[in-house]
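Step one of this worksheet: look at the structure below.
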Amino acid sequence: MAEENSSIEKLAEMIKDHQHIVFFGGAGVSTESAIPDFRGKNGLYYQKVSEKWSPEEMLSHHFYREHPDLFFTMYKKMAETISHAKPNAAHRALAELEKMGKLSGVVTQNIDGLHQKAGSRNVVELHGSTLHNTCEKCRKQYDLPEFISRSNPVPHCDCGGIIKPDIVLYEESLDINAIDDAVWLIRGADMLIIGGTSLAVYPAAGFINEFSGDALVIINRDATSKDNAADLVFRDNIGEVLGNTVRILRGE
């Protein structure tokens with residue numbers, strides 16, 4: 001416990017000494033909001049969603065086109081879970097760091113919109129968001145509750161078109177604006193905090209190679225490929241680490 005407190009105090013000092021901090025996060029940030037991650041030991045990837053297809057294939061573009069009923073049956077369950085989720089201590093701490101003028105922005109692989117719900121304003125969503133859904137035919141926009149209500153299981157617009165979630169499926173390219181924004185943020189950072197990601201999903205994970213600052217922190221339950229290059233590595237809950245760090249910064 002003493003060693004953990006010492007590390008958190010060191011993290012607080014690092015944050016005090018830096019002015020352009022960026023947080024790069026993955027699914028582990030939202031597991032504390034009861035949203036399952038993908039590749040963790042209890043994640044979707046290792047659950048037997050189907051006897052025939054892996055979750056990765058079921059979230060691919062070709063599966064969406066070839067098996068819309070099955071795709072939306074699975075996706076609706078994910079969307080319903082996200083619709084009930086609330087920001088956790090990690091989301092709130094990051095929003096507060098932004099208000100303090102320390103955090104330049106969040107680059108997230110998550111699609112749940114919880115950073116924005118917590119109050120973060122500068123968020124780059126590399127893989128899109130479940131909160132936005134668009135008719136492929138007339139381009140009408142639907143929010144998450146209406147999307148869910150129309151999913152029986154395939155959601156249709158009033159014009160008859162299929163309503164596609166604004167998320168990046170496997171085999172689809174990332175949005176060029178999201179790429180540019182993420183690279184710009186990370187290149188301009190003097191400190192990078194990586195949290196809740198195995199750094200196994202590309203091209204997103206490759207963006208951290210744009211970082212050239214002098215302080216790297218990793219908060220993740222499992223080992224990552226960047227642990228040896230980090231100044232600090234935590235194997236604890238992200239909410240606890242960031243929450244306790246913010247409390248120190250507030251003088252509590």
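Positions are given from 1 along the sequence.
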Per-pair distances, 0.1 Å, donor-acceptor, side chain in residues 104-113, under 3.5 Å, sequence neighbours excluded:
from: T108; atom 1: OG1; to: N110; atom 2: N; distance (Å): 2.9
from: Q109; atom 1: NE2; to: T197; atom 2: OG1; distance (Å): 3.1
from: N110; atom 1: OD1; to: A27; atom 2: N; distance (Å): 3.1
from: N110; atom 1: ND2; to: G26; atom 2: O; distance (Å): 2.9
from: N110; atom 1: ND2; to: S30; atom 2: OG; distance (Å): 3.4
from: D112; atom 1: OD1; to: L114; atom 2: N; distance (Å): 3.0
from: D112; atom 1: OD2; to: S30; atom 2: OG; distance (Å): 2.7

Could you go through residues 77-84 and list every donor-acceptor pair under 3.5 Å that involves a side-chain atom there, pairing it with any protein atom two or more places apart or in another chain?
from: T81; atom 1: OG1; to: K77; atom 2: O; distance (Å): 3.1
from: S83; atom 1: OG; to: E80; atom 2: O; distance (Å): 2.7
from: H84; atom 1: ND1; to: E80; atom 2: O; distance (Å): 2.8

Point to revise | Verdict with supporting geometry, Y75 and F63, ring-ring contact (aromatic ring centres under 6.0 Å, His included) | key: CA-CA 12 Å; Y75 181 80; F63 194 90; over 10 Å; no
Exercise for review: Carefully, step by step, assess L126 and F24 under the rule side chain to side chain contact (heavy atoms under 4.5 Å, CB included).
Suggested key: CA-CA 10 Å; L126 292 174; F24 181 92; 4.1 Å; yes
Practice item. Go through the steps for F234 and L11 under the test side chain to side chain contact (heavy atoms under 4.5 Å, CB included), then give the verdict. Key: CA-CA 10 Å; F234 293 90; L11 175 56; 4.0 Å; yes
Point to revise | Trace of the side chain to side chain contact (heavy atoms under 4.5 Å, CB included) decision for N220 with I194 | key: CA-CA 8 Å; N220 198 56; I194 297 173; over 6 Å; no
**Study point:** side chain to side chain contact (heavy atoms under 4.5 Å, CB included) between M14 and I21, intermediate numbers included
**Key:** CA-CA 10 Å; M14 291 169 68; I21 304 168; over 6 Å; no
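Listed here is the closest heavy atom pair of A95 and G119: CB-C, 3.9 Å. The shortest non-hydrogen separation linking C135 to G161 is SG-CA, 3.9 Å. Of all heavy-atom pairs spanning I238 and A90, the tightest one is CG2-CB, 3.7 Å. For the residue pair I248 and A12, the shortest heavy atom distance occurs at CG2-CB, 3.7 Å. Across all their heavy atoms, A93 and G243 have their closest contact at CB-N, 4.0 Å.
For T134, the side-chain hydrogen bond (donor to acceptor under 3.5 Å, both in side chains) criterion is met by Q141, D166, not counting sequence neighbours. Considering only residues two or more places apart in sequence or on other chains, Y64 meets the ring pair (Phe, Tyr, Trp, His ring centres under 6.0 Å) condition with F71, F72. Residues passing the side-chain hydrogen bond (donor to acceptor under 3.5 Å, both in side chains) test with S129, sequence neighbours excluded: none. K76 pairs by the side-chain hydrogen bond (donor to acceptor under 3.5 Å, both in side chains) definition with nothing, not counting sequence neighbours. Applying the salt bridge (charged side-chain N to carboxylate O under 4.0 Å, His left out) rule to E172 yields the partners K164; only residues at least two apart in sequence or on another chain are considered.
A donor-acceptor contact shorter than 3.5 Å is absent between the side chain of S60 and the backbone of E56. Formation of a donor-acceptor pair under 3.5 Å by the R235 side chain with backbone atoms of I219 is not found in this model. Of the possible donor and acceptor atoms, one in the side chain of D175 sits under 3.5 Å from a partner among the backbone N and O of A178. In this structure a side-chain-to-backbone donor-acceptor pair under 3.5 Å is missing from D69 to P153.
In the hydrophobic clustering of this structure, L131 groups with I35; members are Ile, Leu, Val, Met, Phe, Trp, Tyr whose side-chain heavy atoms approach within less than 4.5 Å, directly or through other members. L103 and F211 fall into different hydrophobic clusters, where Ile, Leu, Val, Met, Phe, Trp and Tyr side chains are chained together by heavy-atom contacts under 4.5 Å. Transitive grouping of hydrophobic side chains (ILVMFWY, heavy atoms separated by less than 4.5 Å) brings L144 and L169 into a common cluster. Each of L192 and L97 belongs to its own hydrophobic cluster when Ile, Leu, Val, Met, Phe, Trp and Tyr are linked at side-chain heavy-atom distances under 4.5 angstrom. One hydrophobic cluster holds both I15 and V217 under the rule that ILVMFWY side chains link at heavy-atom gaps under 4.5 Å.
Distance check: Y170 OH to L59 CG gives 7.0 Å after rounding to the nearest 0.5 Å. For the atom pair OH (Y142) and OG (S149), the distance works out to 9.5 Å, reported to the nearest 0.5 Å. Separation of atoms OH (Y202) and CG (L174) is listed at 13.5 Å; rounding is to 0.5 Å. Rounded to the nearest 0.5 angstrom, I8 CD1 and D236 CG are separated by 7.0 Å. We find the CH2-CE distance between W53 and M74 to be 11.5 Å, quoted to the nearest 0.5 Å. With values rounded to the nearest 0.5 angstrom, N244 atom CG is found 11.0 Å from L249 atom CG.
Within the structure, side-chain hydrogen bond (donor to acceptor under 3.5 Å, both in side chains) contacts touching residues 14-28 (residues at least two apart or in different chains) are E13-K16, H18-D214. Residues in residues 85-109 take part in these salt bridge (charged side-chain N to carboxylate O under 4.0 Å, His left out) pairs, two or more places apart or across chains: E96-R250. Legend: salt bridge (charged side-chain N to carboxylate O under 4.0 Å, His left out) pairs involving residues 142-161, not counting sequence neighbours, sorted by first then second residue: K140-D158, E146-R150, R150-D158. Within the structure, the side-chain hydrogen bond (donor to acceptor under 3.5 Å, both in side chains) test picks out the following pairs touching residues 115-127 (sequence neighbours left out): Q116-E125. The ring-ring contact (aromatic ring centres under 6.0 Å, His included) contacts involving residues 173-199 comprise nothing, where partners must be two or more places apart or lie in separate chains.
Here the side chains of S33 and N88 are in contact, with some heavy-atom distance below 4.5 Å. Residues H67 and M58 form no side-chain contact, since every pair of their non-hydrogen atoms from C-beta on lies 4.5 Å or further apart. Proximity of F23 to V29: side-chain heavy atoms (C-beta onward) are separated by under 4.5 Å at one or more points.
Between E32 and R221, none of the side-chain N atoms (NZ, or NE/NH1/NH2) sits under 4.0 Å from a carboxylate O, so this pair counts as no salt bridge.
Surrounding CG of N228 are at most 12 heavy atoms belonging to other residues, nucleotides or ligands under 6.0 Å away.
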